[in-house]
**Q** 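First the structure, then my questions, so here it is.
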Amino acid sequence: MQERNKFPSVTILGSTGSVGEQAIDVALANQIRVNAISANKNVGRVEEQARLLGVKACAMADLQAAKDLKMKLADTSVRVYAGMDGICEMIAEHYTDDEVVVNSVIGEVGLRPTLAVLNAGKKLALANKESLVCAGDFVMKLAREKGIEILPVDSEHSAIFQCLRSGEKKQIRRILLTASGGPFYGMTRRELSDITPERALAHPTWNMGAKITIDSSTLMNKGFEVIEAVHLFDVRPDQIEVLIHRESIMHSAVEYIDNSVIAQMSVPDMRLCVHYALTHPRRTEAVIPQLDLTKVGKMTFSKPDPETFVLLQAALDAISAGGAVPAVLNAANEVAVAAFLAGKLCYTGIFDVVTETVARLSDAKHIASIDEIFAFDAAARRTADELLTTYV
């Protein structure tokens with residue numbers, strides 16, 4: 001066990017989600033102080049976490065949930081914040097001088113907390129990919145101005161981040177971004193037409209939330225990760241190659257100009273990514289099982305199928321177009337995936353709603369402020385909603 005306060009304390013946003021729960025596991029294993037937590041509506045679990053961790057503050061995005069939590073924690077000194085404004089206020093309140101904020105909020109709603117963390121001058125461990133997908137230029141500019149290094153929590157970006165310690169940026173030839181291929185690897189568009197939410201949620205490797213699991217099955221998640229990597233590591237889109245790696249052992253790799261390929265491998269367990277972000281630049285005793293390559297036996301690699309899984313190419317086109325186009329892509333996808341999970345849209349309808357929405361909002365490539373990104377996000381959601389009836 002590590003001595004308490006050996007590492008910076010932590011605030012965990014999205015504490016009841018998959019990554020948030022794993023962040024708590026890592027914090028407890030390393031005796032890292034958790035100052036504050038936030039969630040959306042899961043009052044019961046947040047109360048349990050607050051009492052277990054002895055936090056100073058909690059925030060609930062849902063206003064009624066915040067009221068309920070405040071009543072449940074009335075016998076404690078925990079301060080409860082309400083709404084998205086409350087989450088940002090909680091971030092700004094200075095609990096410690098040395099703190100890491102893990103942002104594992106799902107969706108575009110995680111962008112405002114990301115900006116709040118950076119404006120507060122706090123170290124950011126980022127699992128909310130939408131922050132960079134929707135507003136990567138603005139987020140990275142703010143991070144540079146504040147002198148803050150963003151620590152990636154996604155398994156692929158954590159792997160790349162670790163591999164980049166082997167060389168200089170100017171020596172990078174390409175980044176090899178791996179993907180499991182999801183549950184429908186090798187299937188054709190015709191075979192995807194009758195996919196149900198239950199089948200799409202059965203990921204072959206990772207245990208994740210519903211939204212990201214669906215995105216993984218469509219390869220939209222991998223497209224988002226390409227956009228993330230462009231911003232995080234300041235590389236061109238054509239320097240990133242997506243590889244299907246079904247075994248999910250090599251989490252990504254970096255090829256340098258001497259043709260040396262440095263890869264990061266481990267058993268597929270998100271706790272390692274959180275662990276590395278919270279203890280960086282040091283390493284501590286493992287919180288995940290040891291990798292036994294003799295049991296893995298073999299590792300395979302292949303190219304993705306862009307004709308069937310069109311959203312990967314849509315993401316590449318979006319980052320090349322720039323502006324608010326990636327934000328439009330994300331907003332349309334959020335609407336389409338929610339409709340699919342609710343039984344209001346067929347599986348391949350996700351592809352159609354997203355690509356058609358992006359096509360209709362082609363002027364999104366010309367923007368000058370983050371407010372325009374939020375405006376295009378809203379316009380994309382309206383457009384996607386209108387298209388849902390077309391692709392039922």
**Q** What pairs with Val78 under side chain to side chain contact (heavy atoms under 4.5 Å, CB included), at least two apart in sequence or on another chain?
**A**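 Partners of Val78 by the side chain to side chain contact (heavy atoms under 4.5 Å, CB included) criterion, ordered by chain and then number, come out as Val55, Cys58, Leu73, Thr76.
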**Q** Taking atom CD1 of Ile373 and atom CD1 of Ile367, what is their separation to the nearest 0.5 Å?
**A**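 With rounding to 0.5 Å, CD1 (Ile373) is 4.0 Å from CD1 (Ile367).
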**Q** Is a side-chain N or O of Glu89 found less than 3.5 angstrom from the main chain of Asp85, in a donor-acceptor match?
**A**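 Judged by distance alone, no pair lies under 3.5 Å.
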**Q** Is a side-chain donor or acceptor of Ser104 paired with a backbone partner of Leu13 at a separation under 3.5 angstrom?
**A**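 Indeed, once roles are kept as given, a pair shorter than 3.5 Å links the two residues.
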**Q** Say you draw a straight line from NE2 of His157 to CG of Leu126; how long is it, rounded to the nearest 0.5 Å?
**A**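 If I round to the nearest 0.5 Å, the distance is 9.5 Å.
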**Q** Any side-chain to backbone donor/acceptor pair from Glu356 onto Asp352? Under 3.5 Å, distance only.
**A**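 Such a contact is absent between Glu356 side chain and Asp352 backbone.
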**Q** State, without any angle test, whether Ser180 and Tyr185 hold a side-chain donor-acceptor pair at a distance under 3.5 Å.
**A**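 Checked: Ser180/Tyr185 side chains show no N/O donor-acceptor pair below 3.5 Å.
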**Q** Taking atom types as modelled, find out whether Asn35 and Glu99 have a side-chain donor-acceptor pair closer than 3.5 angstrom.
**A**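 There is such a pair (donor and acceptor under 3.5 Å, judged by atom type) between the side chains of Asn35 and Glu99.
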**Q** Please enumerate all residues that pass side chain to side chain contact (heavy atoms under 4.5 Å, CB included) together with Asp238, with sequence neighbours excluded.
**A**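 Asp238 satisfies side chain to side chain contact (heavy atoms under 4.5 Å, CB included) with Arg236 only.
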**Q** Tell me yes or no: between the side chains of Thr114 and Asn103, is some donor less than 3.5 Å from an acceptor?
**A**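 Short answer, yes.
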**Q** Any side-chain donor paired with an acceptor under 3.5 Å for Glu255 and Asn259?
**A**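 Note: Glu255 and Asn259 side chains miss the donor-acceptor criterion.
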**Q** Do Lys211 and Glu334 pass the salt bridge (Lys or Arg N to Asp or Glu O under 4.0 Å) test, and can you show the C-alpha distance, the side-chain angles, and the key distance before you say yes or no?
**A** CA-CA 8 Å; Lys211 165 64 166 52; Glu334 288 191 15; 5.1 Å; no
**Q** Please work out whether the ring planes of Phe301 and His245 are parallel, tilted or perpendicular, with thresholds of 30° and 60°.
**A**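 Ring orientation of Phe301 relative to His245: parallel.
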**Q** Would Ile106 and Ile37 show up in the same hydrophobic cluster when neighbours are defined by side-chain heavy atoms closer than 4.5 Å?
**A**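 Looking at the clustering, Ile37 is in a separate group from Ile106.
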**Q** Does Gly107 offer a backbone N or O that forms a donor-acceptor pair with the side chain of Asn128 under 3.5 Å?
**A**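 Flag set: sc Asn128 to bb Gly107 pair under 3.5 Å.
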**Q** Check Ala332 against Ala384 and note the closest heavy-atom contact, atom names and distance.
**A**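 Shortest heavy-atom separation between Ala332 and Ala384 comes out as CA-CB, 4.0 Å.
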**Q** Got a donor-acceptor contact below 3.5 angstrom from the Asp258 side chain to the Ser260 backbone?
**A**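 Present.
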**Q** Determine the minimum heavy-atom distance between Thr383 and Arg360, stating which atoms define it.
**A**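 Closest pair (atom of Thr383, atom of Arg360, distance): CG2-CD, 3.9 Å.
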**Q** So which heavy atom on Ser252 is nearest to which on Ile160, and how close?
**A**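 It is CB-CG1, 3.7 Å.
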**Q** Keeping the roles fixed (side chain from Lys298, backbone from Glu247), state whether a donor-acceptor pair exists under 3.5 Å.
**A**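 No, the answer is negative, given that no donor and acceptor are paired below the 3.5 Å cut-off.
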**Q** Can you check whether Ile214's main-chain N or O pairs, donor with acceptor, with Ser217's side chain at less than 3.5 Å?
**A**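 Yes.
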**Q** Closer than 3.5 angstrom, by distance alone: can the side chain of Arg246 be matched with the main-chain N or O of Gly182 as a donor-acceptor pair?
**A**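 Confirmed, Arg246 side chain pairs with Gly182 backbone.
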**Q** Show your reasoning for whether side-chain hydrogen bond (donor to acceptor under 3.5 Å, both in side chains) applies to Gln49 and Ser15.
**A** CA-CA 8 Å; Gln49 292 173 341; Ser15 65; 2.7 Å; yes
**Q** Looking only at heavy atoms, which two atoms of Ala379 and Leu361 are closest? And how far apart?
**A**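 Residues Ala379 and Leu361, closest heavy atoms: C-CD1, 3.9 Å.
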**Q** Asp371 and Ser369: side-chain hydrogen bond (donor to acceptor under 3.5 Å, both in side chains), yes or no, with the steps?
**A** CA-CA 5 Å; Asp371 287 338; Ser369 71; 4.9 Å; no
**Q** Under a 3.5 Å threshold, yes or no: a donor from one side chain and an acceptor from the other, between Lys129 and Asn330?
**A**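 No, Asn330 and Lys129 have no side-chain donor paired with an acceptor closer than 3.5 Å.
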**Q** So does Glu307 get a backbone contact from the side chain of Asp305, meaning a donor-acceptor N/O pair under 3.5 Å?
**A**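 Judged by distance alone, yes, a pair lies under 3.5 Å.
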**Q** Please determine whether side-chain contact (heavy atoms from CB on, under 4.5 Å) holds for the pair Asn333 and Asp215, giving the CA-CA distance in whole Å, both sets of side-chain angles, and the decisive distance to 0.1 Å.
**A** CA-CA 8 Å; Asn333 183 67; Asp215 285 349; 2.9 Å; yes
**Q** Is the backbone N or O of Val26 less than 3.5 Å from a side-chain atom of Asn30, with the two atoms forming a donor-acceptor pair by type?
**A**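 Answer holds: yes.
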**Q** To check you understand the geometry: which heavy-atom pair defines the closest contact between Ile91 and Pro113, and what is its length?
**A**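 What the structure gives for the nearest pair is CD1-O, 3.7 Å.
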**Q** If every non-hydrogen atom of Cys163 is compared with every non-hydrogen atom of Ala253, which pair is closest and at what distance?
**A**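 Nearest heavy atoms, Cys163 then Ala253: SG-CA, 4.3 Å.
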**Q** Strictly by modelled atom types, are Thr178 and His251 linked by a side-chain donor-acceptor pair under 3.5 Å?
**A**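 Note: Thr178 and His251 side chains miss the donor-acceptor criterion.
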